[in-house]
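Working notes, beginning with the structure itself.
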Protein chains: 2
Amino acid sequence: MSYRRSPLMEERLANNRERILLATRKLVSEGGFREAQISAVATVAGISTGMIYRYFPSKADLFVEVLGAAVDQEIKILTQAAAGHEPAGERLGKTVTCFVRRALKGPNLAYAFIAEPVDPEVDTARLRCRKKFGDVFKAILVEGMQKGELPEQDPDASAACIVGAFTEALVGPIGPTTRNTQDKERLVASIQSFCIRAVGGAP
Amino acid sequence: MSYRRSPLMEERLANNRERILLATRKLVSEGGFREAQISAVATVAGISTGMIYRYFPSKADLFVEVLGAAVDQEIKILTQAAAGHEPAGERLGKTVTCFVRRALKGPNLAYAFIAEPVDPEVDTARLRCRKKFGDVFKAILVEGMQKGELPEQDPDASAACIVGAFTEALVGPIGPTTRNTQDKERLVASIQSFCIRAVGGAP
DNA sequence: TAAAAAATTGAATATAAATTCATTAATTGA
DNA sequence: TCAATTAATGAATTTATATTCAATTTTTTA
């Protein structure tokens, strides 16, 4: 035999994979999944289209991985924001604000992800992700109800409503098009108040 | 000359157009826009694909018309539900419940419409539609604030949040998959409570 | 440096769905 | 019924991407 992967080569391969993921992430965060065609990903990553298929079985698989990684990162941050010993209403407010601010700062994938059109395979993954986001809020609600800080309510429904509320407020018709910082902060505050009142967590 | 459209023919043409719209509506409400390919529409309508292009310049135009008609109908019903002289919180509750019940009853297009993936042209129309739904709620909120029944809030943001909240609760991860009537009514009630509390309209 | 193996390329192919248009069928008025 | 005109068909074309693979380049070891 006269070829064996050297550590150097190994590294370059891993590098390629990373480049593909990064390129996809960049394209998606700029123009959504729609703009992330294989050829575009290849161009941005500086490789050929064929290469992509040495690392990912299909475009759907690539998307699912990018989606998963971005969401996991976001969930981690969100979970930290949700931690603490303040009353549930306050914690909810902090968490919502955290998400919304990050989304407004963009290019951040999470919110594009939870709202965007894709093919069925990726869609399944997207639903799972929305559920994950919901679970962060659900945990706050359950604890708040246990402590008697929040009125009784269906935590699954309320959590879904919260995710839906800020998603729509962010990517919907009134979403961030050409807004200045002040407007953005006002939007953040409005969404936060809405969600806190919604779960009965107003002081 | 020896051909001129007779009233009979005129009627048949109008009939074809209607059949195309109905077929599209049926397919979309069953399987979303994804399932409504031109060939499928043609089959369901019982005509050839070519025919469709005698009535609609493109698939996007067809979709936009179907979307618009369905949403207008829904808006009309919603506006009626929003009318009345009860306190704003109560009116909001009625309106939300009306929408959610109708969506759960399906096949009703409106909610599939406001949540589904499509190409850019149709997407613009969809955004307009979501805005229309929001405006129904905004009107309630503005009036409620004027009368001092609701706390001050950004009515655009709150309206968007409401639309987002029930949309997500309906089509999101906890949405209606295999739910019995009782579960559905519980979901309706949960969403309603959430929205009423959210705008500060609790009694 | 040369041969073997693997990595990389990108043009060619596959796929899926929208749109067209030459052809055929149906309708109208004389 | 016939000629003129329009309606209707659906196979062929177009379009837009994803995916493959024969050919090329690079890397490794002897």
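Nothing here was measured: the structure is a model prediction, and the numbers come from that model. Only heavy atoms go into these numbers, but all of them, side chains included; no hydrogens, no water, no symmetry mates.
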Query raised in the report: Any side-chain heavy atom of Ile162(B) sitting closer than 4.5 Å to one from Phe194(A)?
Result: yes
Query - Glu185(B), CD atom: more than 12 neighbouring heavy atoms under 6.0 Å - result: yes
Report task. Classify the nucleic acid contact of Phe56(A) as base, sugar-phosphate or nothing, counting any heavy atom under 4.0 Å across all strands shown. Result -> nothing
Query - Residue pair Glu143(B) / Glu149(B), side-chain heavy-atom distance below 4.5 Å - result: no
Requested in this report: Look at all strands and tell whether Ile47(B) reaches a base, only sugar-phosphate, or nothing, counting heavy atoms closer than 4.0 Å.
Outcome: sugar-phosphate
Query raised in the report: Under the side-chain hydrogen bond (donor to acceptor under 3.5 Å, both in side chains) test, which residues partner Arg197(A), sequence neighbours left out?
Result: Gln153(B)
Requested in this report: Starting from C1' on dC21(D), measure out to CD1 on Ile52(A) and report it in whole angstrom.
Outcome: 16 Å
Query raised in the report: Just to confirm, is there a sub-4.0 Å distance from OP1 or OP2 of dG10(D) to any side-chain nitrogen or oxygen of Ser48(B)?
Result: no
Query raised in the report: Which of residues 12-21 of chain A sit near DNA chain D, with a heavy atom under 4.0 Å from it?
Result: Arg12(A)
Query - Atom-to-atom span, CE of Met9(A) to P of dT27(D) - whole angstrom - result: 7 Å
Query - Least distance between heavy atoms, Ala36(B) atom then Val28(B) atom - result: CB-CG2, 3.8 Å
Report summary line: Whole-Å distance, Tyr55(A) OH to dA7(C) P, equals 8 Å
Query raised in the report: Between Phe137(B) and Phe166(B), is the gap from one ring center to the other below 6.0 Å?
Result: yes
Query raised in the report: Within less than 4.0 Å of OP1 or OP2 of dA7(C), is there a side-chain N or O belonging to Arg54(A)?
Result: yes
Atom pairs, N/O to N/O, protein against nucleotides 17-19 of chain D, distance under 3.5 Å?
from, atom 1, to, atom 2, distance (Å)
dA18(D), OP1, Lys59(A), NZ, 2.5
dA18(D), OP2, Ile38(A), N, 3.0
dT19(D), OP2, Tyr53(A), OH, 2.4
dT19(D), OP2, Lys59(A), N, 3.1
dT19(D), O5', Tyr53(A), OH, 3.2

Query raised in the report: For Glu11(A) and dT28(D), what is the distance between atoms CD and C1' respectively, to the nearest whole Å?
Result: 17 Å
Report summary line: To the nearest angstrom, the CG-P distance between Leu8(A) and dT26(D) comes to 15 Å
Query raised in the report: Under a 4.0 Å N-O cut-off, is there an ion pair linking Asp183(A) with Arg186(A)?
Result: yes
Query raised in the report: Got Arg19(B) and Asn16(B) here, is their nearest side-chain heavy-atom distance under 4.5 Å?
Result: yes
Query raised in the report: Taking all atoms of both residues into account, what is the closest heavy-atom pair of Arg91(A) and Thr95(A), and its distance?
Result: O-OG1, 2.7 Å
